[in-house]
2 protein chains.
Amino acid sequence: MNERPNRVPEWCQGEEWCPVTVTAALLSRKWKPVIVDRLLKSGPCGFSELQNLIGNISGKALSNNLKELEADRIVNRSVISERPYRVEYALTDRGRDLEPLIVAMREWGSKHFEPDSKENGQ
Amino acid sequence: MNERPNRVPEWCQGEEWCPVTVTAALLSRKWKPVIVDRLLKSGPCGFSELQNLIGNISGKALSNNLKELEADRIVNRSVISERPYRVEYALTDRGRDLEPLIVAMREWGSKHFEPDSKENGQ
DNA sequence: CGGTATCCGGCAGGATACTG
DNA sequence: CAGTATCCTGCCGGATACCG
């Protein structure tokens, strides 16, 4: 069953359903797009590796966001070794489908806030 | 000067600058992508018109989000008539540049949560 | 290494009532 | 119509310390 995650509000489940609202509900957190961005660029990572790739994210935030992304089937977590204990976070198919969205974010951010192009004006 | 809005964290202003992080900082709120979506689809709107197009957004949330979008030069507000009092919200160039991003959101949401395609799995 | 537990502050957002 | 004022809630995320 394609039940939408809890993050998607009730009123967006029926007739008034809206793709942008759903996507925003799943992805509009401070860190989630950045996590997906790094997984797209660097492929599967361990927890600390991902934390370093992002920088400035607290362990708690990373942990929580990964759990939600996992629940929403955007990210997959697998234990790849017990001794030493190693884990790997990777994008699912659904997660990889976010690539155009993340690319669009990269491009918009670069175009409008690139340090070299201050003349774009704020 | 192309100073980044306050919403963009300090640590993202210098060397560690990241386009996705900046874009997420400006746009990753529950309602912002939806507001831009509606303005793209319907063109310039008044306040209540916009509120109706979105549905389920409180006046306060709409007001606050519009103010931030204005401060970030994504949306432009103009008074188009005094008596009766009428206002118009429209996308700026920078806001219109968000179209590919919003389109990507629409497509991802439709693909993965369309009621008709429950078999896509949750 | 890969997290969890706890405490904590802030702010986003809902509801409602009110204003010019 | 186009908001503002106020109150209130919950969650989000930072910091720190600790665990297997």
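Note on naming: letters A, B, ... go to the chains in the order of the sequence lines (proteins, then strands), and numbering restarts at 1 for each one.
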Under 4.0 Å from any atom of DNA chain D, heavy atoms only: list the residues of residues 78-90 of chain B that qualify, in numerical order. B:Tyr85, B:Arg86, B:Val87, B:Tyr89
Taken to the nearest whole Å, CG/B:Leu50 to C1'/D:dC1 is 14 Å
Distance from B:Arg73 atom CZ to B:Thr92 atom OG1, nearest 0.5 Å? 8.5 Å
Listing request: all side-chain hydrogen bond (donor to acceptor under 3.5 Å, both in side chains) pairs with a residue in residues 45-54 of chain A, at least two apart in sequence or in separate chains. none
Would you find a donor on one side and an acceptor on the other, under 3.5 Å apart, between the side chain of A:Arg7 and the backbone of A:Leu26? no
The bend of the helix from C:dC1-D:dG20 to C:dG20-D:dC1, taken between the axes of its five terminal pairs at each end and rounded to 10°, is 50°
What N/O pairs connect the protein and nucleotides 11-14 of chain D at under 3.5 Å? Give each pair on its own line.
from	atom 1	to	atom 2	distance (Å)
D:dG13	OP1	A:Lys30	N	3.1
D:dG13	N7	A:Lys60	NZ	3.3
D:dG13	O6	A:Lys60	NZ	2.9
D:dG14	OP1	A:Trp31	NE1	3.3
D:dG14	OP2	A:Ser58	OG	3.1
D:dG14	O6	A:Lys60	NZ	2.7

Shared hydrophobic cluster, A:Val79 / A:Phe47 (ILVMFWY, side-chain heavy atoms < 4.5 Å): yes
Determine the contact category for B:Lys67: base if any of its heavy atoms lies under 4.0 Å from a base atom, sugar-phosphate if only primed atoms, P, OP1 or OP2 are that close, otherwise nothing. sugar-phosphate
A:Ser110 side-chain N/O to B:Pro19 backbone N/O, donor-acceptor pair under 3.5 Å: no
With a 3.5 Å distance limit and no angle check, can you tell me whether B:Trp31 reaches the backbone of A:Ala24 through a side-chain donor-acceptor pair? no
When you compare the side chain of B:Leu39 with that of B:Leu50, does any pair of heavy atoms fall below 4.5 Å? yes
Within the side chain of A:Trp108, is there an N or O that forms a donor-acceptor pair under 3.5 Å with the backbone of B:Glu99? no
Expressed in angstrom and rounded to an integer, what is the separation of B:Ile54 atom CD1 from D:dG3 atom C1'? 15 Å
Could you measure the distance from the CG atom of B:Asp72 to the NE2 atom of A:His112? Nearest 0.5 Å is fine. 12.0 Å
Which pairs, with at least one residue in residues 56-70 of chain B and sequence neighbours excluded, count as a side-chain hydrogen bond (donor to acceptor under 3.5 Å, both in side chains)? B:Lys32-B:Glu68
Could you walk me through whether B:Leu101 and B:Val36 pass side chain to side chain contact (heavy atoms under 4.5 Å, CB included), step by step? CA-CA 10 Å; B:Leu101 175 27; B:Val36 176; over 6 Å; no
Identify the 5'-most and 3'-most nucleotides of DNA chain C with at least one atom closer than 4.0 Å to a non-hydrogen atom of chain A. C:dC1 to C:dC7
Whether over 12 other heavy atoms sit under 6.0 Å from A:Arg96 CZ: yes
With clusters defined by side-chain heavy atoms of hydrophobic residues (ILVMFWY) lying less than 4.5 Å apart, directly or transitively, does A:Val103 cluster with B:Val103? no
